[in-house]
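Quick caveat, the model's predicted, so the values are computed rather than measured.
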Amino acid sequence: MDDGDIRPVESHRELPKGSDFSQISPEVLKASESWGVNDYNDISEVYEDAMGADMAEIIFPVHKQLLATELNFAEKHRFLDVCCGTGSYLRQLSQAVSSDSELYGLDLSKGQIEAAREKDAGGIPVKIKYAEGDAVTTEFPQQCDVVTMNLDTMNHLQRPEDWEVVLKKIHDALKPDGLFLFDINTQKRLVQDLNFPEVIVKPGLVHMDIGIGSEEMGDFIKQQHLMLAFKTMPDGTIKDYHARIQHIAPTEEKLYEMLGAAGFTSAQPVPISQEVRGKHIFLKNRLFIKARK
Ligand SMILES: C[S@@+](CC[C@H](N)C(=O)[O-])C[C@H]1O[C@@H](n2cnc3c(N)ncnc32)[C@H](O)[C@@H]1O
């Protein structure tokens, strides 16, 4: 299967197919072929309200508690958030760090970066420096104390070799002893959860992820889903937004092997309480990792 082919995928292991759980018309499937894999430009207008802000409000406190044992927030530090989306995590960070700390955000999507800058224009304690670019090829700020990749952004890197490149780049961008905090959708989440539709319903906004199919790729599993959102506009009309998302996820063994190969001296799961996991459906089968240079 190439990246342009989003028909339900048959697999050796009889993985569930999106078409087992949803009925997507051929016209919509055909239209989605022109959306561009992992292109958030269309959905960026509703991304923050649909999920970005909610997830940052859950993930940031977990990181803050963990970082409080590692560094003094009152001192100057450099943070880099790779695939920062609409900047929701960095805005939370901005409230917690010293006024001379440096916050960097990088994202591939012009729409996401524009939305981030718009949100920041409302006023934040520490200015965030954004760049638009591909995490695989864009140069990262160096000598970072902490690098983050939140909300399954690692899964968005499309090829196993992209994971290796980005892990090495993050390792190299960290100061000695620096920390890399990230979360991934596990293989279980790709196959068991994301092949079922997941729906977020808010006043005037409905967001859904609808699985199309999954397949095995050696140590990785690849899954594709359509992201659809419907927003009620002030004049009562409904506007729709879309993205075609492809995730890949390695076995946990492969993940730790790649972290070691990138040079990280330690890596372990961050425990997430049931209470926190219960706060959002996106936290199901999500693995949080703390890795140290
Ligand atoms: C699920 S969103 C997560 C955004 C943000 N980290 C958050 O917590 O809200 C995935 C983001 O990854 C970005 N992305 C996908 N592939 C990328 C790449 N190769 N380089 C940089 N950003 C990428 C998308 O544009 C999107 O904003």
Side-chain angles (χ1 to χ4, degrees), residues 38-41 43-49 51-64 66-68 70-154 156-157 162 165-183 262 290-293:
N38 295 343
D39 178 347
Y40 278 72
N41 281 328
I43 209 136
S44 59
E45 213 176 294
V46 288
Y47 177 87
E48 176 84 357
D49 290 341
M51 69 180 98
D54 292 345
M55 293 308 294
E57 273 173 31
I58 297 169
I59 294 175
F60 180 69
V62 171
H63 285 187
K64 190 178 174 195
L66 190 155
L67 289 173
E70 298 276 349
L71 51 82
N72 180 354
F73 276 109
E75 292 172 2
K76 179 179 179 180
H77 294 99
R78 182 174 291 171
F79 297 86
L80 166 65
D81 191 24
V82 179
C83 306
C84 63
T86 48
S88 33
Y89 178 90
L90 286 166
R91 276 188 295 282
Q92 296 265 341
L93 194 55
S94 159
Q95 311 280 343
V97 296
S98 68
S99 57
D100 57 351
S101 283
E102 295 172 21
L103 306 181
Y104 292 92
L106 169 75
D107 199 279
L108 184 59
S109 160
K110 187 176 196 290
Q112 294 281 75
I113 293 289
E114 279 174 2
R117 290 196 170 117
E118 248 171 60
K119 300 275 172 202
D120 292 7
I124 45 169
V126 178
K127 189 171 164 49
I128 302 165
K129 295 177 192 125
Y130 293 104
E132 193 189 314
D134 189 332
V136 182
T137 51
T138 306
E139 213 173 293
F140 293 164
Q142 299 295 296
Q143 292 293 308
C144 296
D145 296 278
V146 180
V147 177
T148 46
M149 277 187 83
N150 300 313
L151 195 49
D152 52 63
T153 49
M154 283 294 299
H156 288 67
L157 303 177
D162 295 339
V165 168
V166 170
L167 288 174
K168 177 82 174 85
K169 284 177 64 188
I170 290 173
H171 171 270
D172 293 352
L174 284 165
K175 282 181 182 163
D177 258 357
L179 286 180
F180 174 37
L181 305 180
F182 68 104
D183 61 82
K290 165 182 148 183
R292 189 182 300 280
K293 179 162 177 172

K.L.:
I would like to know whether K64 and F73 meet side-chain contact (heavy atoms from CB on, under 4.5 Å); could you show each step before the answer?
P.N.:
CA-CA 9 Å; K64 190 178 174 195; F73 276 109; 4.0 Å; yes
K.L.:
Please determine whether a side-chain nitrogen of the Lys or Arg among K293 and D177 lies less than 4.0 Å from a carboxylate oxygen of the Asp or Glu.
P.N.:
no
K.L.:
For residues D183 and L151, report the shortest heavy-atom separation together with the two atoms involved.
P.N.:
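Scanning both residues completely, I find the closest heavy atoms to be OD2-N, 2.8 Å.
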K.L.:
To check you understand the geometry: which heavy-atom pair defines the closest contact between P141 and C144, and what is its length?
P.N.:
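It is O-SG, 3.4 Å.
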K.L.:
Apply the side chain to side chain contact (heavy atoms under 4.5 Å, CB included) test between F60 and each candidate in L67, L90, T148, L93; give the one that qualifies.
P.N.:
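Filter result, single survivor: L93.
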K.L.:
May I ask you to test the F79-V97 pair for a side-chain heavy-atom distance under 4.5 Å?
P.N.:
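Side-chain contact under 4.5 Å: yes.
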K.L.:
Scan K110, Q112, R117 and name whichever one has a side chain to side chain donor-acceptor pair (under 3.5 Å) with E114.
P.N.:
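Between E114 and the candidates, side chain to side chain donor-acceptor pair (under 3.5 Å) is satisfied uniquely by K110.
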K.L.:
Enumerate the residue pairs fulfilling salt bridge (charged side-chain N to carboxylate O under 4.0 Å, His left out) with a member in residues 128-149, sequence neighbours excluded, ordered by first and then second residue.
P.N.:
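Qualifying pairs: D145-K175.
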K.L.:
Using the ring-ring contact (aromatic ring centres under 6.0 Å, His included) rule, collect all pairs that involve residues 127-147, keeping only residues at least two apart or in two chains.
P.N.:
none
K.L.:
So, taking the atom named CD1 in I170 and the one named NZ in K168, what distance separates them when rounded to the nearest 0.5 Å?
P.N.:
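Rounded to the nearest 0.5 Å, the CD1-NZ separation comes to 12.0 Å.
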K.L.:
Rounded to the nearest 0.5 Å, how far apart are CG of L157 and CE of M149?
P.N.:
4.5 Å
K.L.:
Give a yes-or-no answer on whether the side chains of Y104 and E102 include a donor-acceptor pair shorter than 3.5 Å.
P.N.:
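There is such a pair (donor and acceptor under 3.5 Å, judged by atom type) between the side chains of Y104 and E102.
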K.L.:
To the closest 0.5 Å, what do you measure between CG (D107) and OG (S44)?
P.N.:
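Interatomic distance, D107 CG to S44 OG, rounded to 0.5 Å: 9.5 Å.
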K.L.:
State whether R91 and E57 are salt-bridged, where the test is any N-O pair (Lys NZ or Arg NE/NH1/NH2 against Asp/Glu carboxylate O) under 4.0 Å.
P.N.:
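Looking at R91 and E57, the cut-off is not met.
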